[in-house]
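This report concerns only the one structure given below.
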Amino acid sequence: MDYVFLILIISVFLNVDSAVARKQLQSSSANSFVLGIKHSRMTLLTPKRAVSSVQSTTGSSSASTHESEPFVMVEPLRAVRDGYLIPLYLGTPPQLIHVYMDTGSDLTWVPCGNNLSFFHCLDCDDDGINKKYYLTTAFSPFHSSSTAREPCSSSFCIDIHSSDNYIDPCTMAGCLLSTLIKSSSSCGSCPSFAYTYGAGGVVTGMLTRDTLRVHENINDVTISININNNGTIISNPTREIPNFSFGCVWSTYKEPVGIAGFGRGTLSLPSQLGFLQKGFSHCFLPFKFANNPNISSPLVIGNLASISSDQDENLQFTPMLMSSMYPNSYYIGLEAITIGNSSSSSEVPLSLREFDSRGNGGMLIDSGTTYTHFPEPIYSQLLSTLSSVISSYPRAEDMEMKTGFDLCYRIPYTNPHNNDNTSNSNTIDTTREDFDILPSITFHFLNNVSIVLSEGTHFYAMGPPRNATVTKCLLFQRMEDGENGPAGVFGSFQQQNMKVVYDLEKERIGFQPMDCASSAVSHGLHILKP
């Protein structure tokens, strides 16, 4: 019956626009923790369309956060498929579930059932990837003594059952949850929900609460770290966060892996933990570390993120823009793009730094979207400029047809040796030796912030070298046509080897080019082999 319900939800979703609204950012305590996140890759890179990753939520909410002493959490993550993953330890006894980190949505959800046979995902075997490679476990509420259904009177339940979400079960039934609560002194458990994503994904399930455990676990050895007010790291035991609210999902459409929402809404993971107002930062490792189990990307949440941003003079901050249509999403303003060492920059449309009267426009910064997206005509102009600069190298049109990327070249390869001992020994580094051959790309954001994309984040090798050449493709994409939503997206691939700070207290986002492998080592996220 639930599976049939999902099909009904999808049929409605494909014929209506998913309206989006967000709630006010709530106050949180000055706490901190650090997680290890890994960009995993099992297959050849393929284009991923822009995902605003937002779900319809309205109504005022004053959800409580979970107070705790300042602490740091560090965890190594398992490689499954493209995406930066966070391990969640849910339930009593704890069950380990890996989920994507997504700054473009609020809800944290996990696949649910006694085993994966109870979890259904429609249209999830895309790109020839079998489900077994990226989904290996589901959360079983029946095996947790601390699991409970979220009550329908809770603010989280009201959030997820939004009146402007056209495919929400309560809305489809013609009864608003807020009305039901007012007319009944005891409304029971929160009804089943349907949560929608910008690229067409849908998940259905029950809003559940359970204990979330946050700690460091490296090679089955538990290590926790505490941070005092001065940022000094000392030892600290594992923390238990009771009554953490998340989606227990049994059916999805195009969403095969669970998600940890890092948006600005009350349902998001950092918001529920009481960390959101201080903000968070991450430093995404390059793709060459994707299959290396010995190193993870650092994700810092709370006090430590704000302390480090205030003390680091190399960080450049651009204003965090607010969209009236998507107030829980993170937006920045792009002013221009420079190709190579040109003294002149190409201006971009105003829509990439301004919003219209309905809140559409701006550049969404989103860890849930892999590649950076630009609207027309700037996208075609960017391709044209790059083509004229790289005219001396042959186009790889066969690779363009195969991958769907619009600009691929065969580049001379002269350095077959990889001397980076921290990367995977089976991975060939094809970025450094030809970085000077391909032009650099610089993004110019509001407040005079200029960021040169790091090596290998604009043009990337599609495979190992052959006949002294390597085929590289530009990993930008054209923004899908549409009247609603962001004008462009700054994807996670272009954020590699870059420290990104979300400073919500001062409403700004900071950037700093950084060797994220070294940052991982400094956070204790690199396992040294004897």
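Being a predicted model, the structure only gives us computed values, none of them experimental.
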Between the main-chain N or O of L267 and the side-chain N or O of Q272, is there a donor-acceptor pair closer than 3.5 Å?
yes
Trace of the side-chain contact (heavy atoms from CB on, under 4.5 Å) decision for Y197 with I259:
CA-CA 11 Å; Y197 291 88; I259 290 175; 3.6 Å; yes
Taking all non-hydrogen atoms of both residues into account, name the closest pair between P111 and I97 and its distance.
CD-CG2, 4.3 Å
Test L269 against I86 for side-chain contact (heavy atoms from CB on, under 4.5 Å), laying out the working first.
CA-CA 11 Å; L269 188 147; I86 300 174; 5.6 Å; no
State, yes or no, whether a side-chain contact exists between V249 and L107 at a heavy-atom distance under 4.5 Å.
no
Do V452 and P513 come within less than 4.5 Å of each other through their side chains, counting heavy atoms only?
no
Any sub-3.5 Å donor-acceptor pair from Y331's side-chain atoms to S323's backbone N or O?
no
Can you confirm whether V99 sits close enough to V110 that some side-chain heavy atom of one is under 4.5 Å from a side-chain heavy atom of the other?
yes
What I'd like to find out is whether the side chain of L352 reaches to under 4.5 Å of the side chain of P375, using heavy atoms alone.
yes
Side-chain donor/acceptor of S380 to backbone N/O of P377, under 3.5 Å:
no
Can you establish whether the number of heavy atoms outside E376 located under 6.0 Å from its atom CD is more than 12?
yes
Main-chain N/O of Q496 paired to S454 side chain as donor or acceptor, under 3.5 Å:
yes
Heavy-atom side-chain contact between S387 and Y409 under 4.5 Å:
yes
Take F445 and F511 through the test ring-ring contact (aromatic ring centres under 6.0 Å, His included) and record every step on the way to the result.
CA-CA 10 Å; F445 298 107; F511 299 99; 5.4 Å; yes
Run the numbers on I365 and Y502 for side-chain contact (heavy atoms from CB on, under 4.5 Å), then give the verdict.
CA-CA 10 Å; I365 178 169; Y502 294 74; 3.5 Å; yes
So, does T108 use its side chain to make a donor-acceptor pair with the main chain of G261 at under 3.5 Å?
yes
To the nearest 0.5 Å, tell me how far Q512 CD sits from N314 CG.
5.0 Å
Taking S297 for the side chain and L285 for the main chain, is one N or O donor matched with an acceptor at less than 3.5 Å?
yes
D366 versus G368, closest heavy-atom pair with distance
OD1-N, 2.9 Å
For the ring pair H282 and F280, is the centre-to-centre distance below 6.0 Å?
no
Separation between CG of D106 and CG of N328, rounded to the nearest 0.5 Å:
4.5 Å
Would a distance-only check, ignoring hydrogens and angles, find a side-chain to backbone donor-acceptor pair under 3.5 Å from E255 to V202?
no
Inter-residue atom distance S351.OG - M479.CE, 0.5 Å rounding:
10.0 Å
Y100 side chain near S367 side chain, heavy-atom distance below 4.5 Å
no
Closest non-hydrogen atom pair between N360 and G485, with its separation:
OD1-N, 2.8 Å
Are more than 12 heavy atoms from other residues, nucleotides or ligands located less than 6.0 Å from atom CG of D398?
yes
With heavy-atom distances below 4.5 Å as the criterion, would you say the side chains of R508 and P319 are in contact?
no
What distance do T372 atom OG1 and F476 atom CZ have between them, rounded to the nearest 0.5 Å?
5.5 Å
Spatial distance of atom CG (L475) from atom CZ (F493) [nearest 0.5 Å]
4.5 Å
Ignoring hydrogens and geometry, is there a side-chain-to-backbone donor-acceptor pair from T318 to L446 under 3.5 Å?
yes
Looking at D515 and A517, would you say the former's side chain and the latter's main chain have a donor-acceptor pair under 3.5 Å?
yes
Worked check of side-chain contact (heavy atoms from CB on, under 4.5 Å) between N484 and R358
CA-CA 9 Å; N484 298 323; R358 295 182 300 170; 3.7 Å; yes
Taking E400 as the fixed residue, which of R410, K472, R395 is the one that meets the salt bridge (Lys or Arg N to Asp or Glu O under 4.0 Å) rule?
R395
For T252 and P256 the tightest heavy-atom approach is OG1-N, 4.5 Å
Please check if any side-chain donor atom of H444 sits under 3.5 Å from a side-chain acceptor atom of T338, or the reverse.
yes
Count the heavy atoms belonging to other residues, nucleotides or ligands that lie under 6.0 Å from CD of Q381, then report whether that count exceeds 12.
yes
When F490 is tested against each of Y371, F374, F443 for ring pair (Phe, Tyr, Trp, His ring centres under 6.0 Å), which residue passes?
F443
When you measure from the side chain of N447 to the backbone of F317, do you find a donor-acceptor pair of N or O atoms at a distance under 3.5 Å?
yes
Do we see a donor-acceptor contact under 3.5 Å between the side chains of Y379 and D406?
yes
CD1/I339 to CG/L386 distance, rounded to the nearest 0.5 angstrom?
4.5 Å
Nearest heavy-atom neighbours spanning S296 and A520:
O-CB, 3.1 Å
At their closest point, which heavy atom of L453 faces which heavy atom of Q494, and how far apart are they?
CD2-O, 3.8 Å
For residues C516 and F284, determine if any side-chain heavy atom of one lies less than 4.5 Å from a side-chain heavy atom of the other.
no
